[in-house]
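These notes are about the structure you will find just below.
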Number of protein chains: 2
Amino acid sequence: MAESKKEQAPNNGAGTRRRGDVLENAILQAAWDELETTGYNRLTMEAVAVRAQTNKTAVYRRWPNKAQLIIAALIKFAPKPSLEAADMGDLRTDVVTFLQGIFKPLQAIGPETIHGIMSEYPGKEHPMSKPLPPRSEDALFAAMKAIVGNAEKRGELQPDRLPERVISLPIDLLRYEMLTTHGSVSEDIVVQIVDELFLPLVRASVQGE
Amino acid sequence: MAESKKEQAPNNGAGTRRRGDVLENAILQAAWDELETTGYNRLTMEAVAVRAQTNKTAVYRRWPNKAQLIIAALIKFAPKPSLEAADMGDLRTDVVTFLQGIFKPLQAIGPETIHGIMSEYPGKEHPMSKPLPPRSEDALFAAMKAIVGNAEKRGELQPDRLPERVISLPIDLLRYEMLTTHGSVSEDIVVQIVDELFLPLVRASVQGE
DNA sequence: AGAGTACGGTACGTACCGTACCCTATATGA
DNA sequence: TCATATAGGGTACGGTACGTACCGTACTCT
């Protein structure tokens, strides 16, 4: 009667036991689903495991904590902005298009998740923990540089006159806005950033000084 | 022997039981100390209560959760930037001075605490929860506006030509930097923001258009 | 076939949350 | 002055989630 540990339900009726990438993908998919339905704060490792039809052990074998797991899920499933620097023959159009492409993905992730990750992610010494990439390796920044580079080739502005801060300004501000504005950010913020800040700075670097 | 609940240690030997503001201040002080020594993430309500030599009940009677408690502690104890708009007869000097005054306090609070609060603070419906102030009521923004106003009076720039985004730009960027840059942010970021972004935009608004 | 590896499943100890409960000191006012 | 309401002190509890240990078992690889 003691109902010993032997009571292990046959997995599916057949002995189909997932391993390796199959299991890993199932967990990440579960994490992504759970993130979308429950939100970061209330998401638990156990819920992810249950949804993936496995158990916490299998999850912890791969990621040391919630933040790492969710980062992995984001990398795999979150909508990515296209990093192709649109080259439409006009700097303003290119930048606006690019920023608008960032807008949706950032919004999809949402401030709760970002704050949660940033909060729980101390870069602690854990065998499995990967550090967040430094600013200079930011893919979005690289894309902006490419866009500016195209404009330089076209002669819209003189080469190497734009400080890096100007180039990263649109991304930084957009991120800040998405991070601090709970509720809804209107999409015309992109146009504002470009027309009221970025382009005037570009013009200033051409004429002045 | 049963050691019933009657075993209540006399508070100090004398019946000095703190109430009202005295107790409230003790708790906030304890929260602040705990925040400095332990950090936001590992801070617990119980630890605060113990440090204040009281118990969780007294804490929860006043603040519904950690985020609210810490916000109250920050308001009471965190170093505040002076909101006096320095008026030294030069826009650049005024803005740099002002931003440098913000730098230290922001750094003292630290990204961990800010992210933690932003993460746990959903603006939920709780009788005791106060909403975060909207952007337009931002005291720092008001101070920047005052500084710009002084410059207008001096004739350094024409009135009402500066978009609000330009005015809030230095604060926004500084905040973003403090929020995302773990580790140390160099203080000359202030000068960069002013010289590479803000002042060029001011000049552009005077000349251009 | 044999051995190592990794999954499945359970159970556990810990930590913290938020609340209920009761007792007691203090403030208040009839 | 004494009764009463209020609020602090103290404890204990149920609940949730964490992260790990343990063990049996399916799968993989050679």
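Reckoned from all heavy atoms, side chains included, excluding hydrogens, waters and symmetry mates. Residue numbering restarts at 1 for every chain, and letters A, B, ... go by the order of the sequence lines.
One atom, CD1 of Ile70(B), and another, P of dC17(C), lie 11 Å apart when rounded to the nearest Å. As a whole-Å value, the separation of Gln68(B) CD from dG18(C) P is 12 Å. With rounding to whole Å, Leu43(A) atom CG is found 16 Å from dT16(D) atom P. When rounded to the nearest whole Å, the span between CG of Asn65(B) and P of dT19(C) equals 10 Å. Per the geometry, CD belonging to Glu120(B) stands 14 Å off P belonging to dC16(C), to the nearest Å. Rounded to whole Å, the distance from CD on Gln53(B) to C1' on dG10(D) is 14 Å. Here the C1' atom of nucleotide dC22(D) and the OH atom of Tyr60(A) are 17 Å apart, to the nearest Å. Atom NZ of Lys66(B) and atom C1' of dA15(C) are 12 Å apart (whole Å).
Between Thr57(A) and Glu46(B), it is Thr57(A) whose nearest contact on DNA chain C lies nearer the 5' terminus. Each of Asn55(B) and Asn55(A) was assigned the nucleotide of DNA chain D with the nearest heavy atom; the assignment lying further toward the 5' end belongs to Asn55(B).
The phosphate of dC7(C) (OP1 or OP2) has a side-chain N or O of Arg61(A) nearer than 4.0 angstrom. Thr44(A) has no side-chain polar atom (N or O) that falls below the 4.0 Å cut-off from OP1 or OP2 of dA17(D). Between Arg62(B) and the phosphate of dG8(D), there is a side-chain N or O to OP1/OP2 separation shorter than 4.0 Å.
The nucleotide whose nearest atom lies closest to any side-chain atom of Lys56(A) is, among dA12(D), dC18(D), dC7(C), dC18(D).
The two residues Lys66(A) and Asn41(A) make their nearest non-hydrogen contact at NZ-O, 3.2 Å.
With salt bridges taken as basic N to acidic carboxylate O contacts below 4.0 Å, none links Arg175(B) and Asp172(A). In summary, Glu164(A) and Lys145(A) engage in a salt bridge, as defined by a charged side-chain N under 4.0 Å from a carboxylate O.
Sorted by first and then second residue, the pairs that involve residues 94-110 of chain B and meet salt bridge (Lys or Arg N to Asp or Glu O under 4.0 Å), not counting sequence neighbours, are Asp94(B)-Arg154(B).
A donor-acceptor contact closer than 3.5 angstrom links the side chains of Tyr40(B) and Glu120(B).
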